[in-house]
Structure formats: structure tokens, C-alpha cells
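Source: prediction; values computed, not measured. These values consider heavy atoms only, across backbone and side chains, with no hydrogens, waters or symmetry-generated copies.
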Amino acid sequence: MVDTRDSAPRPGSVISTTSTPVRDPNGLGWPAKSTLDRLHESPAARKEREAKLAAAVRTLLECIGEDPEREGLMRTPARYAQALLWMTKGYEERLSEVINDAIFAEDHDEMVIVRDIDVFSLCEHHLVPFTGKVSIGYIPNKLVLGLSKLARIAETFSRRLQVQERLTRQIALAVEEAVQPRGVAVVMEATHMCMTMRGVQKPGSTTMTSTMLGAFRDRQKTREEFLTLIRSPSSLHR
């Protein structure tokens, strides 16, 4: 990784990211275990994986008492296999490639926030969806990250089997690794289908998680400013 902490790149210049801007040497992020197979597999291996998954879905249908041969279910195993692989496509993405060359040298040293990013993920405990919004803020330290990349980071990690607590922290750590800011803050609010449609069955309940790093963790005033900004009504939608 390029160490920019002791250098002073010119404002507006692009910072090389030929070395991955994340801690995992494979550029996958956390956790990297068992993600390499999907990242490097050939088209033939991909088809084999999809067929194996479809066969497993057929078994699931049989186990719940359904007939996989009836008209409405005949193509369901293949459809669900394709859908599940798409919903977990984050295992096939390197964060270094997601971020690419979108790191720029700028003198901006005030808070940068992208809020209300829609996220869709699968709970790793029950394999049912949880959905919500995430807000990401950081205080640059000579480097800024392309705004769309904050949303792409959230998308990459959410498209894996997840728990909300880990997802929130992974996003924060990825931003920290990429541009080494003075601080990073991530807040996420989500609804979990494993809680609303099964188990305690409490529709309308939401889960809030946050990760505060650097200045956001150390300085109450900075943290409060971020929380106020992400909660304030948007003037764009009035």
C-alpha cells in the first residue's frame, strides 16, 4: 500500500492504488476465507457451482414437503441458485478493484458524508434478508475517496452473508484503510426479516449499529456533528 502519511501529494492528483488499499492481501476485505474460490473460478466451474446449488435447493423443496416436479417449482432450483449467487456477489469482488484509482489528493479537511445508502444483505444465521440504510462519514487527511466508492464499499460487503454489526465495522475499516483519514463514522439502521417474519415476529422494529474510529471516537463534538447531520431533513427532497 502507498504510505501517504508523510508525503504531500498535489491537490487534485490521483493516488496510485496498485497495492491494495485494504488489509487483506487478496484485496477482498474481511472475512477473506473461502472467498478466493469464487473470485478465481472459471466459467465451467461457475456452472458446476450453480448446478450443485440448484440440486441443493431441490432437496430443500423435497424436505419441506413440496414436489419439485410440479409446474410452479420445476425451474425454481435454477432460479434460486442464480439469485443466491447474485445476492452474494460481494465474494467475487476485490475492494482494491472496487476503489480502483478513485483516491485523490485534496486539501479538504472537513467532514465528508454520504448518507442514506440503501443496503440489502442476507443474515448468515437464517439466510433471510435484512435491509436498511447506511451513512458513512470521514474527515480527510490529504486524501479523499470518490463519493460513489463509499456506496460501492457498502454494496460489496452487504452482498455477502452478514451480521449487521460486522457489516458496519467492515465498511468503516475499509474507508480507514483506503485513505487513512483523521476519523471514520458509519451508522446503519436495518430491518431484519429473521426478527419480523419469524422468531419474535415484531414488524416495524429496526436495529441500529455504529462504528466510530479516530476523531469520531475521541471527540464528542465531532461525533455529535456527524449524528446531527445524518438525521437532519434533506433540503433536496422538500
Side-chain angles (χ1 to χ4, degrees), residues 22 29-31 83-84 86-93 95 98-99 102 110-140 144-179 181-217 220 222-238:
V22 291
W30 310 265
L84 188 57
W86 189 89
M87 288 186 287
T88 58
K89 63 181 181 177
Y91 289 122
E92 301 171 15
E93 297 177 341
L95 277 175
V98 168
I99 295 171
E110 298 293 335
M111 207 175 294
V112 177
I113 299 173
V114 176
R115 71 180 197 178
D116 297 333
I117 303 167
D118 288 316
V119 290
F120 306 87
S121 193
L122 290 175
C123 164
E124 67 179 34
H125 299 145
H126 303 99
L127 297 185
V128 294
F130 66 92
T131 65
K133 293 182 181 293
V134 61
S135 295
I136 307 170
Y138 71 99
I139 301 175
V144 297
L145 187 61
L147 296 177
S148 67
K149 300 305 181 181
L150 295 173
R152 286 291 308 278
I153 288 171
E155 170 79 2
T156 294
F157 283 119
S158 68
R159 294 300 184 183
R160 300 177 183 182
L161 300 186
Q162 280 288 7
V163 296
Q164 184 176 331
E165 297 88 342
R166 182 173 68 231
L167 173 57
T168 306
R169 183 164 179 80
Q170 285 177 330
I171 294 168
L173 289 173
V175 175
E176 182 184 56
E177 264 313 276
V179 291
R182 293 185 171 89
V184 183
V186 179
V187 171
M188 183 175 177
E189 181 175 11
T191 297
H192 293 250
M193 299 301 286
C194 61
M195 186 174 175
T196 59
M197 71 178 290
R198 64 163 299 282
V200 295
Q201 299 181 60
K202 297 298 181 184
S205 62
T206 62
T207 300
M208 298 281 297
T209 50
S210 69
T211 295
M212 304 287 170
L213 304 175
F216 291 95
R217 188 178 185 90
Q220 181 179 351
T222 302
R223 183 166 61 252
E224 289 177 348
E225 179 185 354
F226 170 75
L227 294 174
T228 298
L229 288 171
I230 66 173
R231 292 168 180 161
S232 61
S234 173
S235 61
L236 297 176
H237 300 137
R238 291 176 185 170

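- Between Arg231 and Arg115 the shortest heavy-atom distance is N-NH1, 4.2 Å.
- Looking at Glu176, its side chain never comes within 3.5 Å of a backbone N or O of Val184 through a donor-acceptor pair.
- Looking at Ser135, its side chain does come within 3.5 Å of a backbone N or O of Asp116 through a donor-acceptor pair.
- You'll find the side chain of Met208 reaches within 4.5 Å of the side chain of Glu189, heavy atoms only.
- With respect to the salt-bridge test (charged N to carboxylate O, under 4.0 angstrom), the residues Arg159 and Glu155 qualify.
- Nearest approach of Tyr138 to Leu150, heavy atoms of both residues: CE2-CD1, 4.1 Å.
- A donor-acceptor pair under 3.5 Å links the side-chain atoms of Arg160 to the main chain of Gly90, judged by distance alone.
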Test side-chain contact (heavy atoms from CB on, under 4.5 Å) on Ser210 and Val186 and set out the steps.
CA-CA 5 Å; Ser210 69; Val186 179; over 6 Å; no
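- Contact detail for Met111 and Thr222: the closest heavy-atom pair is CE-O, 3.8 Å.
- Ala185 is linked by a side chain to side chain contact (heavy atoms under 4.5 Å, CB included) to Met212, Phe216, Phe226, counting only residues two or more places apart in sequence or in another chain.
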Working for side chain to side chain donor-acceptor pair (under 3.5 Å), residues Gln162 and Ser121
CA-CA 7 Å; Gln162 280 288 7; Ser121 193; 5.7 Å; no
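- For the pair Leu161 and Leu127, the minimum side-chain heavy-atom distance is below 4.5 Å.
- For the pair Arg169/Leu213, a side-chain contact is recorded, criterion being any heavy-atom separation below 4.5 Å from C-beta on.
- In this structure the side chain of Val112 reaches within 4.5 angstrom of the side chain of Pro140, judged on heavy atoms.
- Pairing each heavy atom of Met188 with each of Thr168, the nearest pair is CB-OG1, 3.8 Å.
- The side chain to side chain donor-acceptor pair (under 3.5 Å) search around His125 returns none, not counting sequence neighbours.
- The OG1 atom of Thr131 sits 11.0 Å away from the CG atom of Leu122 when rounded to the nearest 0.5 Å.
- Taken from CG in Leu173 to CZ in Arg166, the straight-line distance is 12.5 Å, to the nearest 0.5 Å.
- In this structure, Ala154 and Leu167 approach most closely via the heavy-atom pair O-CD1, 4.4 Å.
- Note that NZ of Lys149 is 11.0 Å distant from CG of Leu147, once rounded to the nearest 0.5 Å.
- Considering only residues two or more places apart in sequence or on other chains, Thr88 meets the side chain to side chain donor-acceptor pair (under 3.5 Å) condition with Arg38.
- The CD1 atom of Ile230 sits 12.5 Å away from the NZ atom of Lys133 when rounded to the nearest 0.5 Å.
- Contact between Val119 and Ser158 at its shortest, heavy atoms only, is CB-CB, 4.2 Å.
- Counting only heavy atoms from C-beta outward, the side chains of Thr211 and Ile171 never approach each other to under 4.5 Å.
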Going through the distances and angles, do Ile99 and Ile153 end up as a side-chain contact (heavy atoms from CB on, under 4.5 Å)?
CA-CA 8 Å; Ile99 295 171; Ile153 288 171; 4.2 Å; yes
